[in-house]
There are 2 protein chains.
Amino acid sequence: MAVETTRRRRIEDVASDLFREQGYAATSVRDIARALDIQGASLYAHVTSKEDVLWAIVDRAATRFEQAADAAGERARPNDHTARMAELARAHVRTIAEDVGAASVFVAEWRALGGERRAAILERRDAYERRFRELIAAGISSGEFRMTDPALASMFILGALNSIATWYDPNGRLTADRIADYAADLAVRTLAEDPS
Amino acid sequence: MAVETTRRRRIEDVASDLFREQGYAATSVRDIARALDIQGASLYAHVTSKEDVLWAIVDRAATRFEQAADAAGERARPNDHTARMAELARAHVRTIAEDVGAASVFVAEWRALGGERRAAILERRDAYERRFRELIAAGISSGEFRMTDPALASMFILGALNSIATWYDPNGRLTADRIADYAADLAVRTLAEDPS
DNA sequence: CCTACCGATCGGTAGG
DNA sequence: CCTACCGATCGGTAGG
């Protein structure tokens, strides 16, 4: 069973990278199989459908983002909204960097999912974005953040953070920590009250 | 000939919207034809291939971004890097809002292009990003912006701006001007020297 | 712009 | 995990 789990994970990892590079629709089952050095039809000994693979990737990525955000919430004092935003942004970037393939698929390829799964993942995406929006709203109420539209601010911040998934390279010049620092700084600067 | 031009444009507009919603690979020639109330094969009376339509959309969008950036460069004094960045960000957002479909395709679907066209558009994307990077570098040299990595800063700013293409709705609550204001502010805040 | 049609490829199944 | 194969759909052509 450990073998089975590993094989299944290798399929998902290989698929993540291909989906990231070419997109889900442009990646054939045979493309995935070729990357694993097996025949296209042989893939079906391990998965029940192509969409099942997509779902497994997206579902796991969503869970990782949620858990990272939970953990981030516990690392800062509840009323220190600036620190909480910094931790949240850093956690998001680290989660992307730990598995860029899966993160890219979560960000960009969930549209390919069918009815129920699509609805389920959309709901989780909404809930995740809500963490940002509500944190921003709380920081405004407390006077820590400047007056601004929390929905607009959260979309811009998440847009900036998610774009990392399109260019991040684990072997590149920019380390995950470096990027996470920059991201946290960007989020905080965007929200900070103007000095007077 | 005016008729021909219009028909061709309608095809590209319809295709832009479909490519934005479903992606290029997931959109069939028949999908495009259906949206135009004609038969799939009839489309080939107006275009030579599916990729030709993609190329036309991407090429025109690229030109619009380039021209908007040129115009933005002439609206601010050369040495006022803050004003130039604000104008550049605003121009970028306005260009997205004027045709979200085409902008989305330019941002996300250029990968589907074949060899030479893909290379050509990559080069133009690079040159466009270079405008941001070099403006940031110049602002740092002049002491107007804080010391930071221009490449990292430009990727974050463009990432934030481009994400607008995924959620902007011309009939939505947020007007293009409102979003452009926010975007210009975000770009400038990210780069501004810390007050001391 | 339509009907009729083409070869290639797609996701997936049967049976080992 | 393989070979052999399936129906459906793909982008595109011929001929009007």
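Order of the sequence lines fixes the chain letters, A, B, ..., with proteins taken first and strands second; residue numbering starts at 1 for each chain.
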Roughly, in whole Å, what's the span from [atom1] in [X] to [atom2] in [N]?
X       : N      : atom1 : atom2 : answer
A:Asp52 : C:dT13 : CG    : P     : 11 Å
A:Gln39 : C:dT13 : CD    : P     : 18 Å
B:Arg34 : D:dG11 : CZ    : P     : 11 Å
A:His46 : C:dG11 : NE2   : P     : 18 Å
B:Leu36 : C:dC1  : CG    : P     : 8 Å
B:Tyr44 : C:dT3  : OH    : C1'   : 16 Å
B:Lys50 : C:dA8  : NZ    : C1'   : 15 Å
A:Leu43 : C:dT13 : CG    : C1'   : 14 Å

From the set [options], return the single nucleotide nearest to any side-chain atom of [X].
X       : options                : value
A:Ser28 : C:dG11, D:dG11, C:dG12 : C:dG11
B:Ala41 : D:dC1, D:dT13, C:dC1   : D:dT13
B:Arg30 : D:dG12, C:dG12, C:dC2  : D:dG12

Legend entry - Non-hydrogen atoms of A:Arg146 and A:Ala192 that approach each other most closely: CD-O, 3.3 Å
Inset, instruction - Identify the heavy atoms of A:Phe145 and A:Glu193 that sit nearest to each other, and give their distance. - result: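 Heavy atoms only, the tightest pair is O-OE1, 3.7 Å.
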Inset, instruction - Go ahead and name the base partner of D:dG11; Watson-Crick or wobble counts if both distances stay under 3.5 Å, otherwise write none. - result: C:dC6
Inset, instruction - State plainly whether the residues B:Arg90 and B:Asp181 are in salt-bridge range, i.e. N to O under 4.0 Å. - result: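 Salt bridge flag = yes for B:Asp181 with B:Arg90.
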Legend entry - Under-4.0 Å side-chain N/O to phosphate OP1/OP2 contact, B:Arg7 with C:dC1: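 Answer is yes, contact under 4.0 Å.
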Legend entry - Residue pair B:Arg125 / B:Phe106, side-chain heavy-atom distance below 4.5 Å: yes
